[in-house]
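Everything below concerns the one structure shown next.
Nothing here was measured: the structure is a model prediction, and the numbers come from that model. Lettering of chains follows the sequences in order, A, B, ..., and the numbering in each one begins at 1.
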2 protein chains.
Amino acid sequence: MKVPKISEAVVKRLPVYLRYLNSLKAMNVRTVSSHQLGEALDLNPAQIRKDLAYFGEFGRKGIGYEVNYLVEKIKSILKLDRQVNVLLVGAGHLGHAISNYNAYLKDNMKIISIFDADPMKVGKKIANLTIQPLEELAQTVKEKDIRIGIIAVPADAAQSVVEHLVDAGVAGILNFAPTNLRVPEWVRVHDADVTMELHSLAYYL
Amino acid sequence: MKVPKISEAVVKRLPVYLRYLNSLKAMNVRTVSSHQLGEALDLNPAQIRKDLAYFGEFGRKGIGYEVNYLVEKIKSILKLDRQVNVLLVGAGHLGHAISNYNAYLKDNMKIISIFDADPMKVGKKIANLTIQPLEELAQTVKEKDIRIGIIAVPADAAQSVVEHLVDAGVAGILNFAPTNLRVPEWVRVHDADVTMELHSLAYYL
DNA sequence: TAGATTGTTAATCGATTAACAATC
DNA sequence: TAGATTGTTAATCGATTAACAATC
């Protein structure tokens, strides 16, 4: 699989394809065309073909794409063909909600540790995981081969948590805190601040 | 304020500017230059100036932008200078977490109603709001002038909730359900599926 | 005045879409 | 064979960045 510099926009669409293809798979659909995908996902069929073609020739001319095969290919592109371990920092309301996402993540991705700075919370269990103190973060990341961290702490604690995560060697961060994180350029951050989404939605009213 | 067709990318950055400007305001910073903003937010200063210039001349040559003034201007562009009422559908873990976001939303945006399809949950309170049955949704939207709906229900219930919301006249939807929603073209949907974000993050490992 | 910084135009860069030969 | 659909090139469209006159 060659990598001719894939744009962020393409990478963001791959999970959308995967999600829909999984639903087709569940419905025992054998093949699907770029036109059908475009119709269902509100995307241009040429764009879908081009996105997929960056990674290989997955379709058959005159036929379309074999659903099961394409699912496996996209999983492998997203590195979801191997185990991806995730940790969560912040055991508040949001952290509690996120810790229940394992059912949806499936596909070899799993939240396997939860941390909180509050000594009152340490030792308690949520979603079958025992809340650990931040001091144990670095060691746990190493021992359990954790690659992604989710930040669900207040804004004023977020940057310090990021530094823990970066030092521990995490490569990707999903940030729910309403603040701009500073990270070295080899760490990838995706922002998921709910207030941000609602504020931009307000523009279109 | 003229509207020369503002791109989605610009609209997504406005709340980022607002968030940072609010933090400057809290620190009693008077003025800020596009260069300083770019430095803090990891954006090109020319882009920031251009984004703001779509909506008016908010800065002063040789000086920069007056923080308090720019905050008010961006609020007004995002229509956060008037009351924006929001409802939430889904009182599960995620709904519970989201219902606590009112503190962050401030700026005239507020979640004022919560709905759930489960009769066992109806009548219970979360975050000071009483959970209502879906049957009351349409009437509540009208009575309370609700403009935005947040969907925090399972994927298989999401499309039916969307139709309730669209029929009721909601203009914007923030969708946490892991599914592609179908809406008429005058309704705006922002997707916020956590699994999607984590899956795209995995690509960069 | 000299230095700083905006608003804006022009240049560049990148992403989306159309078109079509190849082929199932 | 005729119709359908891919992979890919070329054309279009749009967004970002550089540059600079205006001006505080």
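Among the protein residues, B/Gln47 comes within range of the nucleic acid bases, having at least one heavy atom under 4.0 Å from a base atom. Note on B/Arg60: only backbone sugar-phosphate atoms sit closer than 4.0 angstrom, heavy atoms only; bases stay farther off.
Here the side chain of A/Lys110 pairs no donor or acceptor atom with the backbone of A/Val86 at under 3.5 angstrom. Between the A/Asp191 side chain and the A/Asp193 main chain, no donor and acceptor come within less than 3.5 Å of each other. Not one N or O on the side chain of A/Lys25 forms a donor-acceptor pair closer than 3.5 Å with the backbone of A/Asn68.
The distance from atom CG of A/Leu43 to atom C1' of C/dA18 is 16 Å, rounded to the nearest whole Å. When rounded to the nearest whole Å, the span between CG of B/Leu70 and P of C/dT6 equals 11 Å. Whole-Å rounding puts the A/Lys12 NZ to C/dG14 P distance at 19 Å. At whole-Å resolution of the value, NE2 in B/His35 and C1' in C/dG3 are 14 Å apart. Rounded to whole Å, atom P of C/dT6 lies 6 Å from atom CZ of B/Arg49. When rounded to the nearest whole Å, the span between CD1 of A/Ile48 and P of C/dA15 equals 17 Å. In this structure, NZ of A/Lys61 is placed 6 Å from P of C/dT23, rounded to the nearest angstrom. Straight-line distance from the CD atom of B/Glu57 to the C1' atom of D/dC24: 13 Å, rounded to whole Å.
Using a 4.0 Å cut-off between a side-chain N of Lys or Arg and a carboxylate O of Asp or Glu, A/Asp81 and A/Lys75 do not qualify as a salt bridge. For B/Glu8 and B/Arg188, the salt-bridge test passes: some basic side-chain N is under 4.0 Å from an acidic carboxylate O.
Within the shown strands, C/dT12 is the pairing partner of D/dA15 under the Watson-Crick or G-U definition, both distances less than 3.5 Å. Using the Watson-Crick or G-U wobble rule with both distances under 3.5 Å, D/dA22 pairs with C/dT5.
For A/Ser7, whose side chain is taken as the heavy atoms from C-beta onward, the closest listed nucleotide among C/dA15, D/dA10, D/dG7 is C/dA15. Nearest nucleotide to the side chain of A/Ser33, out of C/dC24, D/dT5, D/dT16: D/dT5.
For A/Tyr65 and D/dG7, the shortest distance from a side-chain N or O to OP1 or OP2 is below 4.0 Å. Considering only side-chain N and O atoms, B/Arg13 lies under 4.0 angstrom from the phosphate OP1 or OP2 of D/dT16. Dashed line: the shortest gap from a side-chain N or O of B/Ser34 to OP1 or OP2 of C/dT5 is not under 4.0 Å.
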